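Got a structure here, written out as structure tokens. Questions coming.
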2 protein chains.
Amino acid sequence: MAIPRAAKTLRRTRIQEEKEEQILEAALDVFSARGFRGSTIDQIAEVARMSKPNLLYYFRTKEAMHRALIDRVLYTWLEPLRAFDAEGNPEEEIRSYIRRKLEMARDFPRESRLFANEVLQGAPHIEDELKGPLKQLVDEKAEVIRAWTKSGKIAECDPYHLIFSIWSTTQHYADFDVQVRAVLGQEHAGDERFEDAARFLEQLFIGGLRPNTPAT
Amino acid sequence: MAIPRAAKTLRRTRIQEEKEEQILEAALDVFSARGFRGSTIDQIAEVARMSKPNLLYYFRTKEAMHRALIDRVLYTWLEPLRAFDAEGNPEEEIRSYIRRKLEMARDFPRESRLFANEVLQGAPHIEDELKGPLKQLVDEKAEVIRAWTKSGKIAECDPYHLIFSIWSTTQHYADFDVQVRAVLGQEHAGDERFEDAARFLEQLFIGGLRPNTPAT
DNA sequence: CGGATATTTGACCGATTGGTAAACATTACA
DNA sequence: TGTAATGTTTACCAATCGGTCAAATATCCG
């Protein structure tokens, strides 16, 4: 008889690692495209090329799958904000934060949509993460920005709304990709589109935050 | 025997108007909160305080409900962009566009989330609207903005990405409301939050688009 | 090898899904 | 008022949902 999954081994086998990886990869595909409620275990099983009971051998419920996925992705997702350096040059820090976030929207759109789906539907599964680790990190970085504004290195502004606006503008290219494509058409595809967006956003934020622009 | 719904009357009765209104109101509640696939007809029926078969008397399928809702909301949703006036003062036009979009995010968050859910999941039901009417309108307004940049009234910039960034920053406050709340905490609730956002975004966009800032 | 353990699967379950059929109730209107 | 058209509901359907179970199979290790 197999050991009940809750008490499953102290050491994880090679197969466990591989299969769990395989499942979470498939789960990312499905959850990010259809949201939690819109996804079915069968769909994930199909993408993962496993039988449904086999998935449920590794993750006892659909929720457990989702939670494991969120946990794995969340840390990485906040990496760019964490890299925000109080000692650095403000303009350069903001510029590179924008670029990093934009790169993530380009390279990891599924991860972006996973969170977008979740938050959009009221964040029923990640409320704690939002109010805990996320808020804490944002508070910390907001303080850094506040210091920059106080010292006149960048224009006086609300640091929280600054962060929100960087999140929204960059993630837009992942979350609303089909809309962006529909509007821009087939021209301006791929990297060109990415570069255009980067150029615009840098201009917008650097210009918009320039301290005390000498009277016009 | 009732007339088959497809051929249902040329004139719509009072009851039809009322009930369809009632259903679409409920459908907006449910679809915007859970996405199309995550919503069930029963949930809509409960919110609408009708029996499920009664809903299906007015809308033959879940899809028909969704489509009717999209159609009704889309026109209104694009109103602010349509108001964008080529003859107006660029700075003032942009400022009021931002404000209008922000007001819509505040006053009609369900409508915003309805589209966000749809687009996020690949826009399977509104692809045509995106590639047709939406693209057309955006193209037209992008041309207006282009003229402003050419004449030096605002800084040279990509008009499409400008529009995207106004969409994303403003709609963020509707679509990611729970995240915004989680990060900002209970302080800065309601109107104060709205005013803070408006002030920041105006500063960002007006500053970021100021033409040829005199050398720093 | 051989037995213990870990993995995989087909068959199945009750609940829920979108949707239908037909009886029943209400309304509009001549 | 009567009756035809419109509106509503109860009972139901097949398909799909998340999840279980026991049997079958593969793997590990002495």
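In what follows, chains are A, B, ... by sequence order, proteins preceding strands, each numbered from 1. Just so it is clear, the model here is predicted, and its values are computed rather than measured.
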When all nucleic acid strands are considered with a 4.0 Å heavy-atom cut-off, which category describes A:Ser51: base, sugar-phosphate, or nothing?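 Touches a base.
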
Could you tell me whether A:Glu111 and A:Arg72 have a side-chain N and a carboxylate O separated by less than 4.0 Å?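 Between A:Arg72 and A:Glu111 there is no salt bridge, as every charged N stays at least 4.0 Å from the carboxylate O atoms.
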
Which whole-number value in Å describes the distance from A:Ile41 CD1 to D:dT20 P?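 These atoms are roughly 9 Å apart.
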
Relative to B:Tyr75, does B:Arg82 satisfy both conditions: NZ or CZ under 6.0 angstrom from the six-membered ring centre, and within 45 degrees of the ring's axis?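 Flagged: B:Arg82 positioned over aromatic ring of B:Tyr75.
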
Assess whether side-chain hydrogen bond (donor to acceptor under 3.5 Å, both in side chains) is satisfied between B:Tyr160 and A:Asp196, documenting all intermediate values. CA-CA 10 Å; B:Tyr160 290 95; A:Asp196 287 348; over 6 Å; no

C:dT9 phosphate, OP1 or OP2: any side-chain N/O from A:Asn54 under 4.0 angstrom?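 For C:dT9, OP1/OP2 do have a side-chain N/O of A:Asn54 under 4.0 Å.
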
Figure out the CD/P separation between A:Glu46 and C:dT9, and round it to whole Å.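 My rounded result for the distance is 14 Å.
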
Using a 6.0 Å cut-off, check whether atom NZ of A:Lys135 has over 12 heavy atoms from anything other than its own residue.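 Enclosed: over 12 neighbouring heavy atoms sit under 6.0 Å from NZ of A:Lys135.
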
Between the base of C:dG18 and the side chain of B:Lys52, is there any donor-acceptor pair under 3.5 Å?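 Under the 3.5 Å cut-off, the side chain and the base do form a donor-acceptor pair.
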
I want to check one thing: is the phosphate of D:dG7, taken as OP1 and OP2, less than 4.0 Å away from some side-chain N or O of B:Gln16?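 Yes, within the criterion.
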
Nearest listed nucleotide, side chain of A:Pro53, among D:dC17, C:dG18, D:dC21: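 Side chain of A:Pro53 sits closest to D:dC21.
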
Separation of atom CG in B:Leu55 from atom P in C:dG18, rounded to whole Å: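 From B:Leu55 CG to C:dG18 P: 11 Å.
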
Check the distance between D:dT16's C1' and A:Arg34's CZ and give it to me in whole angstrom.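 The distance from CZ of A:Arg34 to C1' of D:dT16 comes to 13 Å, rounded to the nearest Å.
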
Could you state the atom-to-atom distance from CZ of A:Arg60 to C1' of C:dT7 in whole Å?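 Taking atom C1' of C:dT7 as the reference, CZ of A:Arg60 is at 17 Å.
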
Using a heavy-atom cut-off of 4.0 Å across all strands, would you classify B:Lys19 as base, sugar-phosphate, or nothing?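 Since only primed, P, OP1 and OP2 atoms lie under 4.0 Å of B:Lys19, the category is sugar-phosphate.
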
Whole-Å distance separating the CG atom of B:Leu56 from the P atom of D:dT10: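 Between P of D:dT10 and CG of B:Leu56: 15 Å.
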
A:Tyr58 has an atom OH; how far is it from atom C1' of C:dA6, in whole Å?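 Answer to the nearest Å: 8 Å.
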
Between C1' of D:dG7 and CZ of B:Arg49, the distance in whole Å: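 Nearest whole value for this atom pair: 20 Å.
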
Below 4.0 Å: OP1/OP2 of C:dT20 and any side-chain N or O of B:Tyr57: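 Checking B:Tyr57 against C:dT20: no side-chain N or O falls below 4.0 Å of OP1 or OP2.
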
Considering only heavy atoms from C-beta outward, does the side chain of B:Phe108 approach that of B:Trp77 to under 4.5 Å?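 Yes, close enough: below the 4.5 Å cut-off.
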
